[in-house]
Each structure stands twice: as C-alpha cells, then as structure tokens.
Protein chains: 2
Amino acid sequence: MSESPTSRTSSGKQRYHHGDLRQALIDASHQLLVEKGAENFSLADACRVAGVSTAAPYKHFRDKLEILKAIVEQGFDRMSQRSLAAVRAKGEGTIDGVIAMGQAYIAFAMEETAVFRLMFGHNTAIKRDEHVEDTGRSCFKNVIAQITLYCEKNEADGDPLHIALSLWTFVHGAACLLIDEDYENVAPGIDIDAMIADAAIRLLPTRKKG
Amino acid sequence: MSESPTSRTSSGKQRYHHGDLRQALIDASHQLLVEKGAENFSLADACRVAGVSTAAPYKHFRDKLEILKAIVEQGFDRMSQRSLAAVRAKGEGTIDGVIAMGQAYIAFAMEETAVFRLMFGHNTAIKRDEHVEDTGRSCFKNVIAQITLYCEKNEADGDPLHIALSLWTFVHGAACLLIDEDYENVAPGIDIDAMIADAAIRLLPTRKKG
DNA sequence: TTGATAAGTTAGCCTTTCTAACATATGTTA
DNA sequence: TAACATATGTTAGAAAGGCTAACTTATCAA
C-alpha cells in the first residue's frame, strides 16, 4: 500500500506517470484516515505515501473533499455488505437477524471509525453529494426490508419505517458513544451487545393480539 | 460581543491592555463556534473579533485546545441547568419528566450544535481533561437520579444505571442524527418528539408484577 | 511524425498555529 | 514616588497545509 505497483516499469525504473494515481490516493487517504483520524489527515501526507508531489491530486480531484466523498461512498458499500452478511447468517426477518445488523453497524464504526464519522458526521459538503446520498439510502433500505419481513413473519403491527428509524437511532447512539469513548466516563466496561439485544426486543413490535 | 467594554478608556482612547481578554476570547470563540462550526473555527478569527493580535491568546491559554476546554465546561453546565429545569417543570420521577430531559438534551444539541459536538465528539484531547470529565459525569448523574426516583415511585424493577445508559444512548443517537441531518436523507419531516416519547415508554421498566 | 492532451513537477501564495523577542502598562515595595 | 517585577500586549517569522499557475514529460491518435 505504500507504493503503487504500477509506479515503476517492469525493469524497475521510476515512471513519470503513476498508472492509477486516483485509486492510489484513495487507498492512501483511507489508510491514513483509519490510522490518524480525519482531524489529523492531510492530503499532503497521502501524497507522500503515494510518492507524488502535493500538486498531483488536483489532476484527479477538484479538491480534498472530492477524495473524501469517494471514500465515503466505498464506506457505505462495505457497511451494506457486512450488514447483509450478518443478517443472512442469523436468519432474515428474525429478531436475531435484526440484532446482528445492529452489531455489524457498530463493528463497522469501531473498525473504520474515521470513515464512519465522515459517513454520518457533520460535513455537509460531503453528504450533500448526490451519489453519496444514494449509497446511504440504499444502505438504510436493507434495514427497512428486514423489519418488514419481521413484521410479516410475526404478524406484528407497526410501520416498518418508524421501527427502523427507532432502531437506527439507538444503534447509532451506541456507536457514537462507543467510538467517542463517552461511555468510559460514566460506565466503563459496559456490555454493548447485551444493551443492543435488550433494546431491540423492546423497540420491535410484539405479536398481534388475537 | 464584538468588542469588550473594557478595551477602551472612558474617554474612548484605545487601551494597550484589554481588561479581560481571557473571557473575551472565550466569548468570541463561542460565538464563532456557534456561527461557523468547529471545522471552520480559527483562533485567528476569534482574535480579530476581540480586536487583538493572533499572538495575544497565548498569554492566557496554552494553546487552542485550552480555549475549547473552557467552552466545553461551560457547555456542560448550561446543559445541566436546562435539563434540571425541564424535569422540574414536568415533575420529578415521572415519565413526562424523563421525556422532558431527553427533549432538553436534543434542544441543547440543536441550539449549540458545535459546543455539543465538542462535548461528546471525538476530540480526546479535550475530553480527557479532568475538569471536563467531572462536569460531564455530574450531568449524567442527574439522569440516574431521575430514573431511580421513577423506579421507586412506580415500584418498577431494573438497574437505574443501565436504564439511564439505554435512554441516553437513544436520545444521543437522535441528537446526532438530527444535527448531522442524517434523517433528512431517509425520512424528512420525522417527528422526533413523538419518537423520543415512544422510546422512553418502551425503554423504561414497567410496574412490578404482584 | 506530429500535435493534442493527460498527468506529472516546481514554485509560490495565502492561511493557520505557535514561538521568540520586544514593548508597555500595572502595582507593590522601598 | 521611583523603580523594579510582572502581566499583558505587539511584531516578525517559522512550519505546515490547501490550492493555483506555469512548466514538463509521457501517451495516444491521426
């Protein structure tokens, strides 16, 4: 990852052109983001990792933001995949499946904290991007689909959208408080998985009467 | 707010010494933070607002972080006060009181978004400060106290700490998704108050059987 | 082969944080 | 009240990042 495989010729000589600097910069930025956080991330660092001058990125991206957008899009895709894999393993439309989705959300937040913060954080310049919004929406649709399935299977009342929003709210809160280490100050050693499971049971609708 | 009342003599001449530059810089920074967000906040701007050189702050604060810490401490104090006022208005130890606390939390997040983000966000350099941690803990204790009262009044089971953590998690999630405008993308026009009230009922314990 | 274009580079501007060296006000003490 | 010590300002400037302009080199297509 420290150097693109296409930055040299087969004989080993340095190339003037990189090969795929665009993706190399995305990779380098993603790596630095995960390592150091968005706060301490500089494009200049990414250039050093990729082995190019600090002016090079501007041939591929309008500005720093454009790179971050690309990383966020890929982030939503990875989160979607993990989430779907988790629910399939536990059973679609089951309460365990729904819980597994929440845990996948939190696992993603823990492992790719900086990307997660870009995905849901306050940088509107990133999130107002049409493509970014699309990938985000499609990610949330997976949740609604599972809740709908759950309601059908269990003959339970309730609007899947509202239930999904409620679950998302709880899980997102847990993810944020976890990665920001806010639990540490008031309840170190808290069992998140248990809390998620308990909340899921309480927030999901119960079987219809009759 | 744009100029300290003590930066000029009574005759109107400019003073060399400011009077209370420390607080003037905190005020200016808080104002800019609210207006522009932490991302776009620069100490240099605060200096311009206060009418001093960019080197002046370093006579009062070790660095930029020290100013932010001061602002965060004052933020916890304000949030605590609002929260207590809200619960007293609705009745201590009642479900409406607990809901009101949650709504106060969210109102604070909406009105002082940038300060809220500093209080619970990812800047560990700020949050690891002993004084900051103290003010944060004392804020959370108010919630536990209300849950304890609620459990006693309603003869309900459950550990107040765990219930408080659960409610905090939900309300914090709602606050974050609201201020980051993440709901907009999947459910514009969502009724947050209703969602909070519904969640509170579900997450609070029910009356003991027997 | 040539010419257009894509994709690098260097140099430099502007901004920010922070430090060093200097200047001025303030207030305590002899 | 003079004078020193200290607190609190200032200017100048270093280091780093984002971004642009002007220039250079590689690549591709006619």
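Every chain is numbered from 1 and lettered A, B, ... according to where its sequence line falls, protein lines coming before strand lines. Values in this document were obtained by computation on a predicted structure and should not be read as measured data. No hydrogens, no waters, no symmetry mates; every other heavy atom, side chains included, goes into these values.
- Listed by first then second residue, pairs satisfying side-chain hydrogen bond (donor to acceptor under 3.5 Å, both in side chains) with a partner in residues 190-203 of chain B read B/Q103-B/D193, B/D198-B/R202, not counting sequence neighbours.
- Evaluation of the ring-ring contact (aromatic ring centres under 6.0 Å, His included) rule for B/F76 yields B/F120 as partners, not counting sequence neighbours.
- Taking 4.0 Å as the cut-off between side-chain N and carboxylate O, B/E111 and B/R82 count as a salt-bridged pair.
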Scan nucleotides 11-15 of chain D against the protein and return all N/O pairs shorter than 3.5 Å with their distances rounded to 0.1 Å.
none

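- Applying the side-chain hydrogen bond (donor to acceptor under 3.5 Å, both in side chains) rule to B/D96 yields no partners; only residues at least two apart in sequence or on another chain are considered.
- The CZ atom of A/R48 sits 12 Å away from the C1' atom of D/dG18 (whole-angstrom rounding).
- Under the rule for a side-chain hydrogen bond (donor to acceptor under 3.5 Å, both in side chains), the partners of A/E112 that lie at least two apart in sequence or sit in another chain are A/H30, A/R78.
- Residue pairs meeting the salt bridge (charged side-chain N to carboxylate O under 4.0 Å, His left out) criterion with at least one partner in residues 160-181 of chain B, sequence neighbours excluded, are A/R128-B/E181, B/R117-B/D180.
- Qualifying side-chain hydrogen bond (donor to acceptor under 3.5 Å, both in side chains) partners for A/N123, counting only residues two or more places apart in sequence or in other chains: none.
- For the salt bridge (charged side-chain N to carboxylate O under 4.0 Å, His left out) test, no residue two or more places apart in sequence or in another chain qualifies with A/E39.
- With sequence neighbours excluded, no residue forms a side-chain hydrogen bond (donor to acceptor under 3.5 Å, both in side chains) with B/E184.
- A heavy atom closer than 4.0 Å to some atom of DNA chain C occurs in A/K59, A/H60, these being the qualifying members of residues 57-74 of chain A.
- Atom CG in A/L21 sits about 15 Å away from atom C1' in D/dA26, given to the nearest Å.
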List, one per line, each side-chain donor-acceptor pair under 3.5 Å for residues 166-176 of chain A, sequence neighbours excluded.
residue	atom	partner	partner atom	Å
A/W168	NE1	A/Y105	OH	2.9
A/T169	OG1	A/L165	O	2.6
A/T169	OG1	B/Y183	OH	2.6
A/H172	ND1	A/Y105	OH	2.8

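- Between the P atom of D/dA7 and the CG atom of B/D20 lies a distance of 16 Å, rounded to the nearest Å.
- Near-neighbour residues of DNA chain D inside residues 32-47 of chain A, defined by a heavy atom below 4.0 Å, number-ordered: A/S42, A/L43, A/A44.
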